[in-house]
There are 2 protein chains.
Amino acid sequence: MITKVLIAEDHESTNISVQKTLEELAIINTAYVYYCDDALNRIAQAVSAGSSFDLLITDLFFEPDSNKQTLSGGIDLIAAARIVQPDLKVLVFSAENRPATIDQLCHNYDIDGFVRKARNDARELKEAINEIAQHRRYFPRHIRQLIEKKNAYSFSDFDITIITLLAQGILQKDIPAHLQYKGIKPSGLSSVEKRLNQMKDMLGFTKNEQLVAYCKDLGAI
Amino acid sequence: MITKVLIAEDHESTNISVQKTLEELAIINTAYVYYCDDALNRIAQAVSAGSSFDLLITDLFFEPDSNKQTLSGGIDLIAAARIVQPDLKVLVFSAENRPATIDQLCHNYDIDGFVRKARNDARELKEAINEIAQHRRYFPRHIRQLIEKKNAYSFSDFDITIITLLAQGILQKDIPAHLQYKGIKPSGLSSVEKRLNQMKDMLGFTKNEQLVAYCKDLGAI
DNA sequence: CCTTTTTTTATGGGAAACCGTAATTTACTG
DNA sequence: CAGTAAATTACGGTTTCCCATAAAAAAAGG
């Protein structure tokens with residue numbers, strides 16, 4: 001059963017509607033914060049006081065302002081929160097739609113649900129909370145489809161490094177030098193060319209610009 | 001005095017919090033829609049019935065779905081609404097933060113206010129409605145600063161077309177043919193090269209891959 | 001209508017990318 | 001440790017990109 005919930009969300013309007021959604025689910029013991037650091041403090045305080053939160057609903061991106069934060073965003077918050085309270089359930093509520101990021105949340109951070117800020121997000125939020133209350137995970141169909149799409153072709157660290165360098169304006173012929181500097185092997189120009197060709201073949205592309213665009217869409221770079 | 005308000009916003013959660021904000025301002029005669037076309041219909045109906053809206057609060061970006069729309073977004077909606085009801089006041093409530101777009105809204109579409117989805121957006125929304133009720137315009141300080149800081153480089157349709165073609169894998173030397181096919185002038189290869197160089201100069205880039213990555217980050221392509 | 005200015009297009013040389021192949025190094029096996 | 005297989009790197013020819021300059025076309029001004 002979920003009775004005590006913490007909302008971490010920098011947009012006041014979104015914060016309000018999440019509160020309203022919780023009210024409609026008859027969850028009255030809620031706290032809300034606008035900064036990640038505040039969220040972590042609240043979680044730690046609640047654990048110390050023996051009245052820990054059942055669920056954290058958090059955004060991923062928090063706009064920086066004059067109030068300097070140690071936690072840079074939702075992902076950092078989740079990692080930190082899991083240390084002070086390993087059994088805390090986490091529901092991510094974000095506009096994020098890059099498959100790689102959502103996939104990372106599922107597999108590396110083991111979150112309990114993801115609701116994307118979109119058309120029916122309030123309804124999905126209610127469904128998610130109900131599911132999580134019954135110790136089930138909640139990922140809407142369109143999110144699962146996004147994750148599957150990511151697995152269409154998975155890039156290695158080597159791939160990502162090369163494409164990142166290209167996207168930074170490094171000449172292809174200069175990539176070997178950068179790879180050697182980073183201590184990455186192989187580093188030969190032919191190996192770089194071979195890998196780029198394999199990726200383009202796999203995806204039916206002909207130009208590096210397509211790879212950059214594709215990786216940006218996926219959030220891989 | 002503002003008594004009748006229409007909310008056009010595709011995100012259910014945001015839509016809810018705008019309604020709640022209006023309630024708190026004791027504005028009870030509200031309607032809300034999730035699609036642009038519905039918004040225009042409502043406005044037209046209200047005009048016909050002699051009970052027109054005082055204010056339209058609209059988002060800019062509406063995510064496409066199976067429900068095909070003739071109006072492609074908030075800007076189209078504003079233009080269409082102004083035709084059926086020229087005296088309709090318009091408050092844009094959007095996450096948009098590109099100076100060029102906001103500037104365009106102010107000067108070409110003559111909107112009455114802009115509130116950006118951000119930290120204190122609910123408070124700003126109330127302030128904006130109060131200001132507009134007194135026939136004043138409302139643009140928060142940080143929005144005015146964004147508009148002033150128009151030194152940021154903004155892409156033309158021509159720029160976007162070229163970069164989109166590159167991101168689709170079209171060879172640079174083949175772009176003139178595509179431009180001619182689309183009836184876009186200029187279409188010479190030198191013109192394409194010139195424009196690309198200008199963009200790269202402006203942004204301190206050296207390679208087209210950087211432009212593609214930059215535009216992807218901006219959501220321009 | 002002609003001149004001046006600006007914009008667009010054409011051209012050519014040099015740099016980078018592309019692509020196949022050969023040489024070299026590394027890894028694996030008996 | 002030799003021998004084979006695999007991966008990596010090096011090299012050369014072709015295409016594309018890049019960049020400077022010149023020619024042509026369009027726009028602006030008197």
Side-chain angles (χ1 to χ4, degrees), chain A residues 152-218 220-221, chain B residues 100 150-151 153-218 220-221:
Chain A
Y153 179 80
S154 85
F155 295 98
S156 68
D157 289 350
F158 186 64
D159 299 337
I160 298 300
T161 303
I162 294 174
I163 297 175
T164 303
L165 288 171
L166 285 176
Q168 289 171 350
I170 310 297
L171 292 179
Q172 199 164 307
K173 74 178 180 67
D174 294 335
I175 289 184
H178 283 81
L179 291 177
Q180 278 168 14
Y181 178 76
K182 296 189 182 194
I184 296 173
K185 280 198 309 189
S187 66
L189 182 55
S190 291
S191 295
V192 171
E193 291 172 345
K194 181 185 170 188
R195 205 77 203 86
L196 284 169
N197 281 331
Q198 284 178 349
M199 287 190 274
K200 283 183 276 193
D201 252 29
M202 207 82 70
L203 295 162
F205 294 163
T206 57
K207 302 277 302 173
N208 290 342
E209 283 91 334
Q210 289 173 286
L211 279 176
V212 171
Y214 184 79
C215 287
K216 275 288 178 193
D217 281 338
L218 252 56
I221 61 171
Chain B
K150 249 189 78 178
N151 53 1
Y153 182 71
S154 91
F155 295 98
S156 69
D157 289 350
F158 186 65
D159 299 337
I160 299 299
T161 304
I162 294 174
I163 297 175
T164 302
L165 289 171
L166 284 177
Q168 289 171 350
I170 310 298
L171 292 179
Q172 198 165 305
K173 74 180 180 66
D174 293 335
I175 289 183
H178 283 81
L179 291 176
Q180 279 168 13
Y181 177 77
K182 296 190 183 194
I184 296 173
K185 278 200 310 189
S187 67
L189 181 56
S190 291
S191 295
V192 172
E193 291 173 346
K194 181 186 170 188
R195 206 77 203 87
L196 283 170
N197 281 331
Q198 284 178 351
M199 286 190 274
K200 283 183 278 193
D201 251 29
M202 209 80 71
L203 294 162
F205 293 164
T206 56
K207 303 277 302 171
N208 291 341
E209 283 92 333
Q210 288 174 287
L211 280 175
V212 171
Y214 184 80
C215 287
K216 275 290 176 191
D217 281 338
L218 249 59
I221 61 171

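Bear in mind the structure is a predicted one, so any value in this text is a computation, not a measurement. Residue numbers start from 1 in every chain, and the chains themselves are labelled A, B, ... in the order their sequence lines are given, proteins ahead of strands.
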Listed pairs, N/O of protein and of nucleotides 21-26 of chain C, under 3.5 Å:
none

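Between A:Asn208 and B:Lys207, the closest side-chain pair of non-hydrogen atoms is not below 4.5 Å. Side chains of B:Asn197 and B:Lys200 form a contact here, defined as non-hydrogen atoms less than 4.5 Å apart.
Here the CG atom belonging to A:Asp217 is positioned 3.5 Å from the NZ atom belonging to B:Lys216, to the nearest 0.5 angstrom. Here the CD atom belonging to A:Glu209 is positioned 12.5 Å from the OG1 atom belonging to B:Thr164, to the nearest 0.5 angstrom. The CD1 atom of A:Ile160 sits 8.0 Å away from atom CE of A:Met199, with the distance rounded to the nearest 0.5 Å. Here the OG atom belonging to A:Ser191 is positioned 12.5 Å from the CD1 atom belonging to A:Ile184, to the nearest 0.5 angstrom. Here the CD1 atom belonging to B:Ile221 is positioned 8.5 Å from the CG atom belonging to B:Leu166, to the nearest 0.5 angstrom. One distance of note links CG of A:Asp159 with CE of A:Met202; it measures 8.5 Å at 0.5 Å rounding.
One atom, CG of A:Leu211, and another, C1' of C:dC18, lie 14 Å apart when rounded to the nearest Å. Note: CG (A:Asn197) to P (C:dC19) measures 5 Å, nearest angstrom. Rounded to an integer number of Å, the gap from B:Leu189 CG to C:dT7 P is 19 Å. With rounding to whole Å, B:Lys173 atom NZ is found 17 Å from C:dT9 atom C1'.
The nucleotide range of DNA chain D contacted by chain B, defined by atoms under 4.0 angstrom from heavy atoms of the protein and reported 5' to 3', is D:dT16 to D:dC19.
Along DNA chain C, the nucleotide nearest B:Lys194 and the nucleotide nearest B:Lys207 are compared for position; the residue whose nucleotide lies closer to the 5' end is B:Lys194.
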